[in-house]
Every structure is written in structure tokens, then in C-alpha cells.
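Step one of this worksheet: look at the structure below.
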Number of protein chains: 2
Amino acid sequence: MSSPDRPLENADQQAQVFERVRKAHQMEATEDYVELIDDLIRTQGEARLVEVAERLGISQPSAGKTISRLQRDGYVTSEPYRSIFLTDKGKQLADSSRERHDIVFKFLLAIGVSEDTAKLDSEGLEHHVSDETLGVFKRLIKQHSERQAKK
Amino acid sequence: MSSPDRPLENADQQAQVFERVRKAHQMEATEDYVELIDDLIRTQGEARLVEVAERLGISQPSAGKTISRLQRDGYVTSEPYRSIFLTDKGKQLADSSRERHDIVFKFLLAIGVSEDTAKLDSEGLEHHVSDETLGVFKRLIKQHSERQAKK
DNA sequence: GCATAAACTTAGCCATGGCTAATTTTTGGA
DNA sequence: TCCAAAAATTAGCCATGGCTAAGTTTATGC
């Protein structure tokens, strides 16, 4: 590929692309945490820090620090030595994150990616998919399931 | 959706997923920089810090700090007040990053995402697509272009 | 009911990647 | 040639998100 397919564009436009990625990036941890906390509340009845930390694969103090930030920013509430709850804002974010995650996951399956890889990739991809692309994904999932039904 | 589609899995497995995302994350800035530097060298003959910073939409000192890290880690070389060069390692990473980026971009176009959105999304997505998924993308791009040719 | 274990917090460390302000070096034009 | 503008660097700030070690609180089991 000697001639690039994406020619050098206007510097301003390119800067906006990167800015958008940086913004998405700031939300990643937040989304992962509220999604996980919501999962834990659903399945275990409550979300304990020890469990959050274990599932994220990080130390308890690291998880605790981020939980504090989430509390400061209004996504969760929790009293010292107690379990963690989602605020309305946190619950909304958890719901929309889960929906995105599920769509990306199912989309990958629909196009023929293996279940293991779909699980891995969807976790990384979910934070960077625009609404437009998500819409296309949904459409293709639907087409795929209809095709399956016909067989 | 009252019953989650992705049931709570083993904590260890889940931790590995998040660890993989964190690793990918560490590489993101590196990949973006070498890809951009390579683009600049191709099209302008050289990569100046001022241009890198402008295109990333960040200040010169911020870009400079990351360039120092890239130099420390063997991706680029540059002497004070001079332009930036890629090492072999850096060039290799730039090439593979660009290839990924192009595949993701073309794939999004192939499934019907608009050009503007494809440009935005591919920048965020490229760092999180596994080789397996990339292979599926490539296959679908090919199918799409063959379908186009038939018309 | 009390001792021990588990959970959580606090304190303090580090790297990354943003920023501004101020300085230094290089470059280009009159 | 030399001076001003542009480019790059340095210094120092901040937030995030990792970590370990040590201390505190809560829960558990004998």
C-alpha cells in the first residue's frame, strides 16, 4: 500500500477525531464500573468492593479510589465499609452500556467471530462505537437472526 | 432485558478480559503517534513536533513528553530541536496500525456506515480488534467488493 | 462474647498524559 | 547580518488509575 487510503486530512478535523477518542476514553472506566456493579447487584444482591476489585483484576485500594471518584461524580453512593449502590444516573449509564455491549457482542457473533473472541473484543470495542454504527450493527443482527430462522 | 445475555462469568476470566483491555490501552497512544508520524513523513517529508501536536489537538509540551517516552521505548529517534524519525520497530508498528485502521475503516463502509462516522469510529476501534475479528472483517470487505463488482 | 479473619480505608508511591508559563534554539526575512 | 517569529524545551502543575504496606472496622465462628 504505497498510497495511503486515508489521505492526510485537515489538521483541525483530525484533532477533533482524537479529541473524541480521548473523551470516550475518560468514560471507559466509569462505564465498566457501573456495568459491573449493576451485574453484581442483579446476581448477588449487592456489590462489594472486594468483588469489584477481583472481577476487574486490580487491587482493592485501586478499585476503591475509582469508586470514590464515581461517588464524587454522582454515579454511585456508598457509606464506609458498606456495599455500593448505583444512583439513577449510574443505573442509566449501566443500562445503556450493557445494551451497547450486548449489541456489539451479538454483532460479532453474527458475522462469524467465535464466542471467546467476541467476549474479549466487545469489552474493548463497546466504548468506541457511535450511535450510527450501533444502528447498523442492530440491523445486521436482525437480518442474521431472520436468516437463521428460515433454515 | 431482564435476564442478562452475558451471564456473570468466572471472576478470573472476567479479570483477564479487563487486563487485556488495559494492555491495549497502554498501546493506544503509541500506535496513534507512530501512525501519525509515519503519515507526516510520507506526505510532508518530515514529522515536526508542532505538526504532531496540532493534529492530535494537544499542546506542544504534551506531545513532546509522549515523544520522549516513545524514544525511551525505542519507537522513534530525534535530536533536540530536530524532526522526528521512526525506528524499525516504530515503522513496523506504524505499518501494522495503519493496516488495522484501514481494514476497520473499510469494513465500516462496507456494512453501510457513513464515511464521516467510519472515520471517527475507526480511530477508536482499531486498537481493540483482535486478529480473529480482523480476519472476519477482511473477508466481509472482500465479499462486499465482489458484490459491488457484479453490479 | 471475643478472637481472628475478611473487608475496607488511609497513606504514600509511581507512570501516563493533559496543561500553562517561561526559556532557549532555530529559522527566515528585511 | 541580525532581529523577530516560530519551534522546541524545561519546569512545574493537575487528574487518573495502577501498586504496596499498614491500620481500622466489620463479620464470623468457636
Side-chain angles (χ1 to χ4, degrees), chain A residues 11 15-37 40 44-85 123-124 127, chain B residues 11 15-37 40 44-85 123-124 127:
Chain A
Q16 278 172 21
V17 173
F18 285 115
E19 200 199 331
R20 180 167 167 279
V21 176
R22 283 195 298 273
K23 287 254 173 71
H25 193 267
Q26 286 187 331
M27 285 305 293
E28 278 184 38
T30 303
E31 290 174 6
D32 287 342
Y33 273 75
V34 295
E35 208 180 326
L36 176 55
I37 290 165
L40 291 173
Q44 332 251 287
E46 63 173 354
R48 303 296 315 204
L49 183 58
V50 62
E51 183 86 8
V52 171
E54 193 192 348
R55 290 191 168 270
L56 292 173
I58 62 179
S59 70
Q60 257 182 68
S62 297
K65 203 196 278 190
T66 298
I67 297 287
S68 296
R69 179 175 66 71
L70 296 188
Q71 187 156 20
R72 183 199 67 194
D73 295 345
Y75 294 100
V76 308
T77 58
S78 99
E79 325 236 313
Y81 299 97
R82 289 283 133 72
S83 66
I84 304 150
F85 301 92
E123 184 58 56
H127 310 287
Chain B
Q16 278 172 21
V17 173
F18 285 115
E19 200 200 329
R20 181 168 167 280
V21 176
R22 283 194 298 274
K23 286 255 175 70
H25 192 267
Q26 285 187 333
M27 285 306 292
E28 278 185 37
T30 303
E31 289 174 7
D32 287 342
Y33 273 75
V34 295
E35 208 180 326
L36 176 54
I37 290 164
L40 290 173
Q44 334 249 288
E46 64 173 355
R48 304 295 316 203
L49 181 58
V50 62
E51 183 86 7
V52 171
E54 192 191 348
R55 290 190 170 270
L56 292 172
I58 62 180
S59 70
Q60 259 183 66
S62 297
K65 204 195 280 190
T66 298
I67 296 287
S68 295
R69 179 176 65 72
L70 296 188
Q71 186 157 22
R72 182 199 68 195
D73 296 344
Y75 294 101
V76 307
T77 58
S78 96
E79 325 236 313
Y81 299 98
R82 289 283 132 73
S83 67
I84 305 149
F85 301 92
E123 184 60 54
H127 309 286

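Chain letters run A, B, ... following the sequence lines, proteins first and then strands; every chain starts at 1. Values in this document were obtained by computation on a predicted structure and should not be read as measured data.
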Grab the [atom1]-[atom2] distance between [X] and [N] for me, whole Å please.
X     : N      : atom1 : atom2 : value
A:I67 : C:dA7  : CD1   : C1'   : 14 Å
B:K65 : D:dT10 : NZ    : P     : 13 Å
B:E79 : D:dT9  : CD    : P     : 11 Å
B:Q26 : C:dT16 : CD    : P     : 8 Å
B:L40 : D:dA7  : CG    : P     : 14 Å
A:M27 : D:dG17 : CE    : P     : 11 Å
B:Y33 : C:dT16 : OH    : P     : 13 Å
A:Q60 : D:dA22 : CD    : C1'   : 14 Å

For A:R82 and for A:R72, find the nucleotide of DNA chain D with the closest heavy atom, then tell me which residue's nucleotide is more 5'.
-> A:R72
With DNA chain D as reference, determine whether B:L49 or A:D73 sits nearer its 5' end, using the nearest nucleotide of each.
-> B:L49
At under 4.0 Å, does any side-chain N or O of [X] touch on OP1 or OP2 of [N]?
X     : N      : value
A:R48 : C:dC8  : yes
B:S62 : C:dG17 : no
A:R22 : C:dG17 : no

I want to check something: taking the side chain as every heavy atom from C-beta on, are [X] and [Y] in contact at a cut-off of under 4.5 Å?
X     : Y     : answer
B:D73 : B:T30 : no
A:F18 : B:I58 : no
A:E19 : A:K23 : yes

To the side chain of B:Y81, which of C:dG18, D:dC19, C:dT24 is closest?
-> C:dT24
Under the 3.5 angstrom rule, does the side chain of A:E28 hit a backbone N or O of A:H127 as a donor-acceptor pair?
-> no
Within the structure shown, what part of the strands sits under 4.0 Å from B:P80 by heavy-atom distance: base, sugar-phosphate, or nothing?
-> sugar-phosphate
Would you kindly compare B:P61 and B:A29 by the position of their nearest DNA chain C nucleotide and give the one closer to the 5′ end?
-> B:A29
Interatomic distance, B:D32 atom CG to B:I37 atom CD1 [nearest 0.5 angstrom] | 10.5 Å
